[in-house]
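Right, one structure below, let's go through it.
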Amino acid sequence: MAHLSGIFLLLFLTAVASKSISYDDPVFGQPEQIHISYGLDPSLMVVTWITMNPVNDSIVEYGENGVLNQRATGNVSIFQDSGTEKRREYVHRVVLRNLQPGHRYFYHCGSDVYGWSPLFWFAAMRNDSGFVVRAAVYGDMGKDIAYSMPRLQEETQLGHFDLILHVGDMAYDMNSDNARFGDEYMNAIESIAGYIPYMTCPGNHESAYNFSQYTAKFSMPSSMNTFGGDANHFYSFNVGSAHIIGFSTEFYYYTEYGFDQIINQYQWLEQDLRKANEPANRARYPWIITMGHKPMYCSNSDDDECLTTEGYSYVRNGLPFVEAYGLEKLFARYGVDLQFWAHEHSYERLWPVYNSTVHNGTKGAYIDPDAPVHIVTGSAGCPERHDPFGIPRSWTAYRNNDYGYSRMNIYNASHLYLEQVSDDKGGKVVDSMWLIKSKHGPYSYFE
């Protein structure tokens with residue numbers, strides 16, 4: 001009892017009195033839903049996990065060569081789901097500091113009193129110029145019918161990736177069955193997210209109760225070097241030769257939660273992009289890559305936005321009465337190179353496009369193109385199955401309706417490789433491209 005204080009002691013006594021838990025319960029206070037995420041510099045890694053009962057301690061023991069000779073402590077916050085059962089979960093966050101770039105660390109998390117997780121490991125982010133970043137990129141993966149999950153689990157365990165970019169829509173839905181769907185999903189991805197940083201942005205399937213599950217359970221970095229909460233909606237980090245930005249397209253479609261969220265995000269994005277384009281920063285991190293859920297451009301036939309406005313026009317141009325907050329012009333003005341989207345349950349690679357006009361490079365479509373490249377990768381598998389395609393548009397380069405995910409390798413300042421993996425075809429690569437740039441920055445129509 002000495003390890004429980006304040007509200008945790010009260011919750012504990014209440015639970016024991018109601019016989020909902022017991023000291024004899026073997027899973028009392030056990031960590032679950034373990035995942036890691038990057039901090040703002042290579043020396044940081046954030047470990048996040050859940051306990052289903054009040055545990056006051058948040059501890060990670062870690063070290064190299066399998067020796068757990070270092071210990072870090074963090075904090076715990078209470079998350080109460082807004083479903084009918086008002087279930088409570090306890091979100092633990094610990095920041096590991098002063099990590100050596102590229103070194104492998106073993107860790108487990110938990111409490112001296114209530115027990116520890118299994119042993120996991122991760123590689124601290126490398127910060128040398130020779131670091132080839134290898135990422136898996138996908139959206140729209142459910143708790144069920146997650147066709148890509150087995151291959152992603154295996155490739156993660158084999159060391160094929162440095163990080164995950166999950167472009168929104170998880171579990172289908174995290175709040176379903178009084179948040180049990182979210183619990184099951186987070187436990188399922190533990191064999192991925194416990195080993196490599198799982199970087200996310202929100203989708204429409206996280207929208208319940210003002211995105212409360214998503215906001216509470218993930219730990220994206222903020223400019224104030226805090227983690228989780230509002231930072232989960234828009235944030236950025238550097239890895240290898242890339243500056244990666246995660247943001248929310250959902251602010252434009254859930255305005256019942258306020259219009260300030262659109263303005264605040266836009267102002268943050270502009271400030272972040274301006275800083276990323278300072279000469280020293282753009283030289284060190286020349287690639288600027290964004291991920292947001294609903295695509296600016298899409299050619300699917302079962303989505304009114306794809307059919308009537310070529311994509312999600314609010315994201316592209318802003319709401320009708322606040323058009324100044326559209327993102328297409330902003331991203332092009334600051335020379336964003338590559339934009340990942342999801343939401344459509346399919347894969348679509350676009351020609352370089354701006355304002356619905358193709359701007360291919362003169363020596364090849366993706367060699368020094370004069371517009372950003374868009375990739376829609378939302379086919380990791382979910383109960384809603386596939387989204388069929390309509391008539392190809394002028395900017396459509398390639399489309400595929402297999403279940404699958406994207407792989408991205410960032411080799412250096414000039415060469416980036418993308419490919420699409422088909423789970424329907426046993427892991428076959430069904431599309432690939434090189435994006436080659438001799439310079440990075442605003443496109444010609446903004447110079």
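Keep in mind that the numbers below use all heavy atoms, side chains included, and drop hydrogens, waters and symmetry copies.
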* **Residue pair Leu350 / Tyr366: nearest heavy atoms and the distance that separates them** => O-OH, 2.9 Å
* Report yes if the distance between the aromatic ring centroids of His345 and Tyr403 is under 6.0 Å, otherwise no. => no
* Is any side-chain heavy atom of Val94 closer than 4.5 Å to a side-chain heavy atom of Val46? -> no
* Check the pair Val137 / Met291 against side-chain contact (heavy atoms from CB on, under 4.5 Å), numbers first and verdict last. => CA-CA 9 Å; Val137 189; Met291 63 169 175; over 6 Å; no
* Please determine if Arg104 and Glu64 form a salt bridge, counting it only when a charged side-chain N lies under 4.0 Å from a carboxylate O. => no
* **The single option from Lys143, Gln213, Gln33 passing side-chain hydrogen bond (donor to acceptor under 3.5 Å, both in side chains) against Asp183** => Gln33
* **Within 6.0 angstrom of Asn65 CG, more than 12 heavy atoms from elsewhere** => no
* Name of the residue among Leu418, Val373, Ile410 meeting side-chain contact (heavy atoms from CB on, under 4.5 Å) with Leu435 -> Val373
* Count the heavy atoms of every other residue, nucleotide or ligand shown that sit under 6.0 Å from CG of Leu158, and state whether that count exceeds 12. => yes
* Assess the side chains of Asp41 and Ser43: does a donor N or O sit below 3.5 Å from an acceptor N or O? => yes
* Any donor-acceptor pair under 3.5 Å from Tyr252 side chain to Val315 backbone -> no
* Any side-chain donor-acceptor pair under 3.5 Å between Ser379 and His386? -> no
* What heavy-atom pair brings Ala124 and Phe122 nearest, and what distance separates the two atoms? -> N-CD1, 3.8 Å
* Has the side chain of Glu305 got a donor or acceptor atom that lies under 3.5 Å from a matching backbone atom of Pro295? -> no
* Asked: Would His243 and Asp272 count as a side chain to side chain donor-acceptor pair (under 3.5 Å) if you check the C-alpha gap in whole Å, the side-chain angles of each, and the deciding distance to 0.1 Å?
  -> CA-CA 10 Å; His243 181 71; Asp272 185 81; 2.7 Å; yes
* **Note, Tyr62 side chain near Leu96 side chain (heavy atom, < 4.5 Å)** => yes
* To do: Verify, without hydrogens or angle tests, whether Tyr443 (side chain) and Val336 (backbone) share a donor-acceptor contact under 3.5 angstrom.
  => yes
* Side-chain (Glu344) to main-chain (Gly378) donor-acceptor, under 3.5 angstrom -> no
* To do: Give the minimum heavy-atom separation between Thr156 and Ser191, together with the two atoms involved.
  => CG2-O, 4.1 Å
* Are side-chain heavy atoms of Met45 and Pro197 found at a separation under 4.5 Å? -> yes
* To do: Please answer whether the main-chain N or O of Pro392 pairs with a side-chain N or O of Ser299 as donor and acceptor at a distance below 3.5 Å.
  => no
* With under 30° as parallel and over 60° as perpendicular, where do the rings of His166 and Tyr185 fit, or are they tilted in between? -> perpendicular
* Start with the C-alpha gap between Tyr257 and Phe251, add the side-chain angles, then the distance that decides, and say whether side-chain contact (heavy atoms from CB on, under 4.5 Å) holds. => CA-CA 8 Å; Tyr257 301 128; Phe251 287 162; over 6 Å; no
* Tell me, do Met408 and Ile375 make a side-chain contact under 4.5 Å, heavy atoms counted? -> no
* How about Tyr417 and Tyr411: are their ring centres within less than 6.0 Å of each other? -> no
* **Under 3.5 Å donor-acceptor, Asp368 side chain and Ser438 backbone** => yes
* Side-chain heavy atoms of Val430 within contact of Asp424, under 4.5 Å -> no
* Chi angles and distances behind the side chain to side chain donor-acceptor pair (under 3.5 Å) call for Asn400, Ser422 -> CA-CA 9 Å; Asn400 183 278; Ser422 168; 5.3 Å; no
* To do: Count the heavy atoms of every other residue, nucleotide or ligand shown that sit under 6.0 Å from CD of Gln157, and state whether that count exceeds 12.
  => yes
* Asked: Yes or no on side-chain contact (heavy atoms from CB on, under 4.5 Å) for Phe218 and Ser37, after CA distance, side-chain angles and deciding distance?
  -> CA-CA 8 Å; Phe218 288 95; Ser37 52; over 6 Å; no
* Asked: Can you check side chain to side chain donor-acceptor pair (under 3.5 Å) on Asp140 and Tyr172, steps first, answer last?
  -> CA-CA 8 Å; Asp140 300 82; Tyr172 281 73; 2.8 Å; yes
* Asked: Quick one: are Gln265 and Ser248 in side-chain contact, heavy atoms under 4.5 Å?
  -> yes
* Looking at Ile289 and Ala242, what are the two nearest heavy atoms and their distance? -> CD1-CB, 4.1 Å
* Asked: Do any N or O atoms from the side chain of Asp162 and from the backbone of Arg134 form a donor-acceptor pair under 3.5 angstrom?
  -> yes
* Would you indicate whether the side-chain heavy atoms of Ser346 and Phe389 approach each other to under 4.5 Å? => yes
* Structure fact -> Shortest non-hydrogen pair, Tyr195 vs Leu119, comes out as OH-O, 4.1 Å
* To do: Taking the six-membered ring for Trp and the single ring otherwise, decide whether the centroids of His374 and Tyr297 are under 6.0 Å apart.
  => yes
* To do: Classify the ring geometry between Tyr445 and His359 as parallel (under 30°), tilted (30 to 60°) or perpendicular (over 60°).
  => tilted
* Atom CE of Met296 and atom CG of Asn317: how far apart are they, to the nearest 0.5 Å? -> 8.5 Å
* Structure fact -> Output for pair (Leu330 CG, Phe446 CZ), nearest 0.5 Å, gives 9.0 Å
* To do: Supply the atom-to-atom distance Ser236 OG to Lys275 NZ, rounded to the nearest 0.5 angstrom.
  => 8.0 Å
* ring-ring contact (aromatic ring centres under 6.0 Å, His included) partner of Tyr314, the single match among Tyr325, Phe259, Tyr253 -> Tyr253
* Asked: Is the ring centre of Trp121 less than 6.0 Å from the ring centre of Tyr105?
  -> no
* To do: Applying side chain to side chain donor-acceptor pair (under 3.5 Å), name anything that partners Ser82, two or more places apart in sequence or on another chain.
  => none
* Sub-3.5 Å donor-acceptor pair from the side chain of Asp169 to the main-chain atoms of Asn204, do we have one? -> yes
* SB check Lys217 Asp81 (cutoff 4.0 Å) -> no
* **Donor-acceptor pair between Ser148 and Asp423 side chains, under 3.5 angstrom** => yes
* To do: Go through the steps for Met141 and Tyr405 under the test side-chain contact (heavy atoms from CB on, under 4.5 Å), then give the verdict.
  => CA-CA 10 Å; Met141 186 162 72; Tyr405 56 94; over 6 Å; no
* Asked: Hey, does the side chain of Asn210 reach the backbone of Ser212 with a donor-acceptor pair shorter than 3.5 angstrom?
  -> no
* For the student: nearest non-hydrogen atoms of Ala135 and Phe161, plus distance -> C-CD2, 3.9 Å
* Asked: Is atom CD of Glu154 surrounded by more than 12 heavy atoms (other residues, nucleotides or ligands) closer than 6.0 Å?
  -> no
* To do: Decide yes or no for Lys294 and Glu250: does some side-chain heavy atom of the first lie under 4.5 Å from some side-chain heavy atom of the second?
  => yes
* Asked: Just by distance, do the side chain of Asn281 and the backbone of Asn277 share a donor-acceptor pair under 3.5 Å?
  -> no
* To do: Go through the steps for Asp303 and Tyr312 under the test side chain to side chain donor-acceptor pair (under 3.5 Å), then give the verdict.
  => CA-CA 10 Å; Asp303 193 321; Tyr312 282 80; 2.6 Å; yes
